[in-house]
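Taking it in order: structure first as structure tokens, then the write-up.
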Amino acid sequence: MTVFEAIRIDKDEAGYRAGYGTMSDADLMPGDVDIDVTHSTINFKDGLAVTGKAPIVRRFPMIPGVDFAGRVTASTHKDFAPGDLVVAGGCGIGETHLGGWAQKARLSGDWLVHLPQGLSPAQAMAIGTAGLTAMLCVLTLERFGLTPQQGTVVVTGASGGVGSVAVALLARVGWRVAAVTGRPEEAEYLKSLGAAEIIDRAELSAPGKPLQSQRFAAGVDTVGSVTLANVLSQTQFDGAVAACGNARGMDLPASVAPFILRGVSLLGVEAVRPRLAQRREAWARLARDLDKEKIDRMSQTIPISETLNRARSIVDGKVRGRLVVEIA
Ligand code: NDP
């Protein structure tokens, strides 16, 4: 029996708690690929899981961490062999299936993607589910038919993980990007990622009129609630907003006016289901389009011993960009 280090969440008579501990390979859940995890990351959802602020974790004990990268050590899956470098994320990992904040993982090869060429495992985790979601938002806007020639794209929650990657990606493909942030001190950081304009989060925070001045051709919203309602009200004729997050709230106190009077579309984006073809496409685009120097600028590497504290602070909106957790 192999014992390995893991962060675990338990829930029993003693309550709901996250801590550092050990598990053994006998604890691992069914799967046809075994992996030595080298890197993981902290997503907003991991913060919710660690703090118990939302019912993310569906079995106990749980190893949190919705993403990881590592090297295959054993496989009976046709697409993977020992030595392969792989990336996993979503698919219930860290929610219903043991996650990435541990030295070992076992899961279905149907949830895995080979590490894209040109990315290191650490860079893949600097991207993580947050970056994948940002890419899916960009692909969604592109499939809708929007192009940079149509005007400005707005990104809310811009200093966060999804927001940072979205700003960098959209700027890279030619959009004029307006970055919405509540942290004015991050203006230079956002400009270095490619933002052309910084909008104070407060401008979009209070309930506004159903139709407001048309400022944006497109949007990526990570925040939800009143902020998303205002973004919709400020989107121009035939524009669209890709909504992927709820950092401010799950509610959407909006009217139908932007939809029925300006032809605005609200496009939902989720990065949880496997949908391997879409994942592969998104990872390939990320490896191609995301400037490696910007990946390094937006990410910080931390040891596993700091993971729980930083996971708690992401829920308070205090993390800039992306955190990479070094496991190996
Ligand atoms: P982060 O915590 O890294 O970023 C969220 C950002 O939102 C913050 O940095 C902050 O940006 C802004 N924000 C926080 N609180 C508020 C508030 N009260 N009002 C307005 N803005 C606020 O999280 P991620 O980027 O990792 O995730 C963003 C959202 O996307 C989360 O809700 C997450 O659950 C969701 N998500 C959804 C996925 C899906 O499959 N649909 C996958 C991945 C993430 P700033 O300081 O710049 O204002």
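In each ligand, atom 1 is the first atom listed, and ligand 1 is the first ligand listed. Sequence positions, counted from 1, serve as the residue numbers for this chain.
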Output yes when Glu270 and Arg275 qualify as a salt bridge under the 4.0 Å nitrogen-oxygen rule, no when they do not.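 Salt bridge flag = yes for Arg275 with Glu270.
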Between Glu186 and Lys191, is the closest basic N to carboxylate O distance under 4.0 Å?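 So Lys191 does not pair with Glu186 through a salt bridge.
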May I ask you to check whether Ser159 and Thr181 show a side-chain donor-acceptor distance below 3.5 Å?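 Yes.
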Any side-chain donor near an acceptor of the partner, Asp67 and Ser40, under 3.5 Å: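 Result is no, nothing qualifies.
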Transitive ILVMFWY side-chain link Ile260 to Leu267, under 4.5 Å: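 Each belongs to a different hydrophobic cluster.
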Chi angles and distances behind the side-chain contact (heavy atoms from CB on, under 4.5 Å) call for Arg322, Asn43: CA-CA 8 Å; Arg322 303 277 303 130; Asn43 288 282; 3.6 Å; yes
Between ligand 1 and the protein, which N/O pairs fall short of 3.5 Å?
residue: ligand 1; atom: 3 (O); partner: Gly161; partner atom: N; Å: 2.9
residue: ligand 1; atom: 9 (O); partner: Gly160; partner atom: N; Å: 3.4
residue: ligand 1; atom: 9 (O); partner: Arg183; partner atom: NH2; Å: 2.9
residue: ligand 1; atom: 21 (N); partner: Arg201; partner atom: NE; Å: 3.3
residue: ligand 1; atom: 25 (O); partner: Gly161; partner atom: N; Å: 3.0
residue: ligand 1; atom: 25 (O); partner: Val162; partner atom: N; Å: 2.7
residue: ligand 1; atom: 32 (O); partner: Asn246; partner atom: N; Å: 2.8
residue: ligand 1; atom: 32 (O); partner: Asn246; partner atom: OD1; Å: 2.7
residue: ligand 1; atom: 32 (O); partner: Ala247; partner atom: N; Å: 3.2
residue: ligand 1; atom: 40 (O); partner: Ala271; partner atom: N; Å: 2.7
residue: ligand 1; atom: 41 (N); partner: Cys244; partner atom: O; Å: 3.0
residue: ligand 1; atom: 41 (N); partner: Val269; partner atom: O; Å: 3.1
residue: ligand 1; atom: 46 (O); partner: Arg183; partner atom: NE; Å: 2.7
residue: ligand 1; atom: 46 (O); partner: Arg183; partner atom: NH2; Å: 3.4
residue: ligand 1; atom: 46 (O); partner: Arg201; partner atom: NH2; Å: 3.4
residue: ligand 1; atom: 47 (O); partner: Ser159; partner atom: N; Å: 2.9
residue: ligand 1; atom: 47 (O); partner: Ser159; partner atom: OG; Å: 2.9
residue: ligand 1; atom: 47 (O); partner: Thr181; partner atom: OG1; Å: 2.6
residue: ligand 1; atom: 48 (O); partner: Gly182; partner atom: N; Å: 2.7
residue: ligand 1; atom: 48 (O); partner: Arg201; partner atom: NE; Å: 3.2
residue: ligand 1; atom: 48 (O); partner: Arg201; partner atom: NH2; Å: 2.9

